[in-house]
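Note sheet for the following structure.
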2 protein chains.
Amino acid sequence: MGMENQAVTSEQTSTAERILEAAEDLFAEKGYSATSLGEVADRVGIRSPSLYNHFKNKEALYQAVLERLLEDFSAPLAELEKGPVNKERVFEWLETIVRQHHANPNLARLLQHAALSGGPHTNELIDRLFSPMFQPGAVIEEGDISLLESTGLQPWAVMAFNNLVMSYVTMAPMYRDLLGQDPFSEEALEKQLNLIKTLLQAVFEYKGAPPGG
Amino acid sequence: MGMENQAVTSEQTSTAERILEAAEDLFAEKGYSATSLGEVADRVGIRSPSLYNHFKNKEALYQAVLERLLEDFSAPLAELEKGPVNKERVFEWLETIVRQHHANPNLARLLQHAALSGGPHTNELIDRLFSPMFQPGAVIEEGDISLLESTGLQPWAVMAFNNLVMSYVTMAPMYRDLLGQDPFSEEALEKQLNLIKTLLQAVFEYKGAPPGG
DNA sequence: GTGGCCAATGTGAATAATCGCGCATCCTGA
DNA sequence: TCAGGATGCGCGATTATTCACATTGGCCAC
């Protein structure tokens with residue numbers, strides 16, 4: 001498999017890698033079926049049949065893109081999955097995924113496309129990304145958020161904060177004008193982090209009952 | 001087969017309306033370019049060229065779908081835009097949009113598709129849906145959330161709660177298994193409302209400074 | 001009523017563009 | 001020389017769209 005014959009000087013990105021990058025951006029932007037292999041090839045600077053020298057077909061290319069993204073995201077999160085779950089860990093975990101999605105919004109976008117069209121890609125994604133969060137070991141046992149626990153809202157809260165982070169990435173382009181700044185700038189990241197941490201902190205400190213309807 | 005014999009008495013759904021409904025579902029699910037007119041026609045039970053008797057072309061059909069959705073959503077929200085903005089109004093407004101998106105998830109899905117592909121549809125959507133929320137008159141002036149106000153986070157908070165509601169709709173299919181119930185059931189709606197109200201309440205009651213990093 | 005007209009609405013066939021993909025061939029560097 | 005990789009060509013399928021045509025229902029003159 002390893003064909004890296006050390007062309008020592010330059011870390012030349014291979015054609016396969018450039019294909020992956022182009023395809024990742026396009027799949028994330030337009031979704032699977034609306035992305036044409038011709039457009040991918042154009043971005044790489046080759047003709048579309050050349051893609052088949054590196055990937056079996058369109059579906060395989062998509063899978064490879066997905067695999068690469070999942071690997072990048074799984075690594076930092078895997079560290080957090082060890083050890084007890086307490087407030088500090090939750091803050092760390094949240095900050096990590098915020099920064100991850102900010103650094104590369106494509107996974108969130110791919111995920112959103114999959115969720116919308118509910119295709120066969122969906123199931124694999126939820127298994128790989130979200131199942132760990134909902135495992136029994138991931139329950140916060142302290143009394144701080146007994147409210148959420150007693151009302152059975154905790155998994156919903158996990159899902160909510162996740163959606164909060166991911167939807168920032170997938171919807172941010174629409175807010176570019178409204179917020180008056182680039183949603184992916186460094187300042188925007190800080191503000192986003194600030195808001196989410198504030199929200200989480202508010203949840204932790206909140207002791208009252210949910211407002212009745 | 002026979003067409004509608006009864007002309008006036010029964011409000012038989014016209015062909016154009018059935019086309020709109022089918023197209024709405026498909027555009028919401030697959031997005032604009034991945035939706036084929038043949039599939040729309042199939043759902044209505046006609047051949048695709050017949051669509052052109054009711055809509056100029058695919059783009060016009062999309063615009064008509066969008067117009068109908070925006071009308072449905074604008075009406076209930078217009079009522080809330082009158083009068084002073086205080087905590088109670090915010091709760092009402094939030095509950096209204098949650099129920100609206102729950103009753104018809106298609107607008108949120110269309111919006112998400114538009115945001116992802118950043119096409120020409122995006123700008124019109126943000127103008128029609130979100131601009132009102134960010135107008136100067138929509139600022140809460142009470143001291144309750146002075147924290148958000150002083151840190152300039154208020155528009156971000158508005159955006160966050162909006163994303164929270166919309167992403168529930170666009171991502172919920174992925175959580176069907178994880179949450180163990182239909183995300184669009186009546187109980188799920190109540191839980192979703194409960195969680196969001198709890199979050200909002202927590203924000204209102206939260207007085208502390210955001211956790212420093 | 002009846003015959004004829006017209007507008008609305010459906011249809012099949014045809015077109016041009018685009019798509020994923022296979023294949024034979026050619027180029028190039030080791 | 002040889003293999004990996006890029007290419008041109010082309011097939012079959014799908015797409016949006018057009019057009020000539022068939023069928024219908026309502027309406028008016030008689």
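Throughout, a chain's letter reflects where its sequence line sits, starting with A, and its residues are numbered from 1.
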Residues at least two apart in sequence or cross-chain that pass side chain to side chain donor-acceptor pair (under 3.5 Å) with A/E17, listed by chain then number, are none
Sequence neighbours excluded, the answer for salt bridge (charged side-chain N to carboxylate O under 4.0 Å, His left out) partners of B/R68 is B/E24
Hits for salt bridge (charged side-chain N to carboxylate O under 4.0 Å, His left out) against B/E92, two or more places apart or cross-chain, chain-then-number order -> none
What I want to check is whether an N or O donor and acceptor connect the side chain of B/N53 with the base of C/dA8 at under 3.5 Å. no
Ordered by number, residues from residues 22-30 of chain A within less than 4.0 Å of DNA chain C (heavy atoms) are none
task = Answer with yes or no after comparing the ring centroid distance for A/H101 and A/Y168 against a 6.0 Å cut-off, counting only values under it.
result = no
Residues in residues 57-65 of chain A with a heavy atom under 4.0 Å of DNA chain C, by number, are A/N57, A/K58
A/E17 atom CD is separated from D/dG5 atom P, nearest whole Å, by 14 Å
- Task: May I ask you to decide whether B/E21 forms a salt bridge with B/R43, counting only side-chain N to carboxylate O separations under 4.0 Å?
- Result: no
Atom OH of B/Y32 and atom C1' of D/dT15 are separated, to the nearest Å, by 12 Å
Discussion item. Assess whether a salt bridge exists between A/K191 and A/E187, defined as any Lys/Arg side-chain N lying under 4.0 Å from an Asp/Glu carboxylate O.
Written reply: no
So does B/E29 pair up with B/R109, basic N to acidic O under 4.0 Å?
no
Sorted by chain and residue number, the side-chain contact (heavy atoms from CB on, under 4.5 Å) partners of B/A23 (sequence neighbours excluded) come out as B/F27, B/V40, B/L61, B/V65
Within residues 36-52 of chain A, the residues having a heavy atom closer than 4.0 Å to DNA chain D are A/I46, A/R47, A/P49, A/S50
Residues passing the side-chain contact (heavy atoms from CB on, under 4.5 Å) test with B/E88, sequence neighbours excluded, are B/N86
Hits for side chain to side chain donor-acceptor pair (under 3.5 Å) against B/E190, two or more places apart or cross-chain, chain-then-number order -> none
Base, sugar-phosphate, or nothing: which does A/T35 touch, judged by heavy atoms less than 4.0 Å apart?
sugar-phosphate
Across all chains, not counting sequence neighbours, the salt bridge (charged side-chain N to carboxylate O under 4.0 Å, His left out) partners of A/E59 are none
note: B/F55, atom CZ; D/dA16, atom P; distance rounded to Å ~ 15 Å
Angle separating the five-pair end axes of the helix from C/dG1-D/dC30 to C/dA30-D/dT1, nearest 10°, is 10°
Contacts of B/D182 meeting side-chain contact (heavy atoms from CB on, under 4.5 Å) (sequence neighbours excluded), chain-then-number -> B/R176, B/F184, B/S185
| Within less than 4.0 Å of OP1 or OP2 of D/dG4, is there a side-chain N or O belonging to A/H54? | no
Short side-chain donor-acceptor distance under 3.5 Å, B/N106 and B/D25:
yes
